[in-house]
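Below: one structure, written as structure tokens.
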2 protein chains.
Amino acid sequence: MPANDPLISDAARIARAISHPVRLQILNELRGDGAYVMHLTSVLGRPQANISQHLMVLREAGLVRAIREGMTVFYVVSDPDVLTVVDALLALAKKRAAQRELMAEAGMEEGRGGRRRHRGKCRCPRCRQQ
Amino acid sequence: MPANDPLISDAARIARAISHPVRLQILNELRGDGAYVMHLTSVLGRPQANISQHLMVLREAGLVRAIREGMTVFYVVSDPDVLTVVDALLALAKKRAAQRELMAEAGMEEGRGGRRRHRGKCRCPRCRQQ
DNA sequence: ACAATCTATTCAACTCTTGGAATAAGGTTA
DNA sequence: TAACCTTATTCCAAGAGTTGAATAGATTGT
């Protein structure tokens, strides 16, 4: 997996496009069968221009698609897997929130597992097998 | 789901932390049972300071944990679900790459599903039921 | 203590992102 | 055509992210 793997860069671009609260909420609103821009500005309570700007980011990242319907525009998520990413993020955030609540009651300890693997010419404790 | 839902903001923070090619690769390298910083700098072929900077971002986002082992430091992903997010991103990126290849051969058409839902006072075609 | 090794932090320059305001563009109705 | 509605785009200033260089910190060995 080279440093400039196109898969890695694209995955990073996707994450970057998702990494804004408003855009995350937009994607969440599009869940199911999409939504009109009007609806998004109304539900998210943000200025129309701002919503449109965020939609542009999502559009340019290929995460959503705009469908013109006369005067209004309907947006849909371009691939259901986009919502899989969103769901994974929300699930992790939810778990973290729950963990932080437990933290408010007690302390914790941690450990670690075993070792293995190797690779090019790396002298780290694992690779130092030359 | 309010505009400042802590779950949404945290999910966005997580996505933001992941949204850099180097950090995505770092998380990918930590897959399994973690890795030494040395190993990361060696495998990713980036200056030590840069790797350390990215590790700091991941650390402050709570995605990884540093474990000091004498002179070296071992990093682990703090929650397996972090890799679930990474996997979802990579899977989507992979699918997109495949789709782009097909695009190089033919054109495509699209349609849309039905309608429904409602909400506050939104006048979009779906909510216009007052 | 000193030198060597590995990792973290700070600094400065640069780039990218964000968001409000204003405006343009596309489409409908009178 | 004019007025109106919905959405997109441009401009710009403030803020955030990224990186190399240099430096600091921590640990081990001599």
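Formation of a donor-acceptor pair under 3.5 Å by the B:Arg126 side chain with backbone atoms of A:Tyr36 is not found in this model. Judged by distance alone, the side chain of B:Thr41 and the main-chain N or O of B:Gln48 form no donor-acceptor pair under 3.5 Å. Put simply, the side chain of A:Ser19 gets close to the backbone of A:Arg16: a donor and an acceptor are under 3.5 Å apart.
Here the straight-line distance linking atom CZ of A:Arg23 with atom CG of A:Leu44 works out to 12.5 Å at 0.5 Å rounding.
Note: the hydrophobic cluster containing A:Leu83 also contains B:Leu90 (ILVMFWY, side chain heavy atoms under 4.5 Å, direct or indirect links).
Considering only side-chain atoms of B:Arg16, the nucleotide from C:dT17, D:dT7, C:dA21 that sits closest is C:dT17. Closest to the side chain of B:His20, from the set C:dA21, D:dT19, C:dT17, is D:dT19. Residue A:Thr72 has its side chain nearest to D:dT7 when only D:dT7, D:dA22, C:dT7 are considered.
Listed pair A:Arg13 / C:dC16 fails the phosphate criterion, with no side-chain N or O lying under 4.0 Å from OP1 or OP2. Applying the 4.0 Å criterion to OP1 and OP2 of D:dT19, one finds that B:Arg46 has a side-chain N or O inside that range. Contact between the side-chain N/O atoms of B:Tyr75 and the OP1/OP2 oxygens of C:dC6 is not found at any separation under 4.0 Å. Between A:Arg123 and C:dC6 there is a side-chain polar atom (N or O) within less than 4.0 angstrom of OP1 or OP2. Taking 4.0 angstrom as the limit, B:Tyr36 places none of its side-chain polar atoms (N or O) nearer than this to OP1 or OP2 of C:dT5.
Not counting sequence neighbours, the partners of A:Met56 by the side chain to side chain contact (heavy atoms under 4.5 Å, CB included) test are A:Arg59, A:Glu60. With sequence neighbours excluded, the residues forming a side chain to side chain contact (heavy atoms under 4.5 Å, CB included) with B:Val73 are B:Val37, B:Ala66, B:Arg68, B:Tyr75, listed by chain and number. Under the rule for a side chain to side chain contact (heavy atoms under 4.5 Å, CB included), A:Ala91 has no partner lying at least two apart in sequence or in another chain.
Across the interface with DNA chain D, nearest-nucleotide mapping of A:Asn50 and B:Arg23 shows A:Asn50 to be the residue nearer the 5′ end.
Listed by first then second residue, pairs satisfying side chain to side chain donor-acceptor pair (under 3.5 Å) with a partner in residues 83-96 of chain B read A:Asp10-B:Arg96, A:Asp79-B:Lys95, A:Asp81-B:Lys95, B:Arg31-B:Asp87, not counting sequence neighbours.
Taking atom CG of residue B:Leu40 and atom C1' of nucleotide C:dC6, one finds them 13 Å apart after rounding to whole Å.
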Pairs under 3.5 angstrom, nitrogen or oxygen only, protein versus nucleotides 23-29 of chain C, please.
none

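At a non-hydrogen distance threshold of 4.0 Å, A:Gln53, A:His54 from residues 52-61 of chain A come into contact with DNA chain C.
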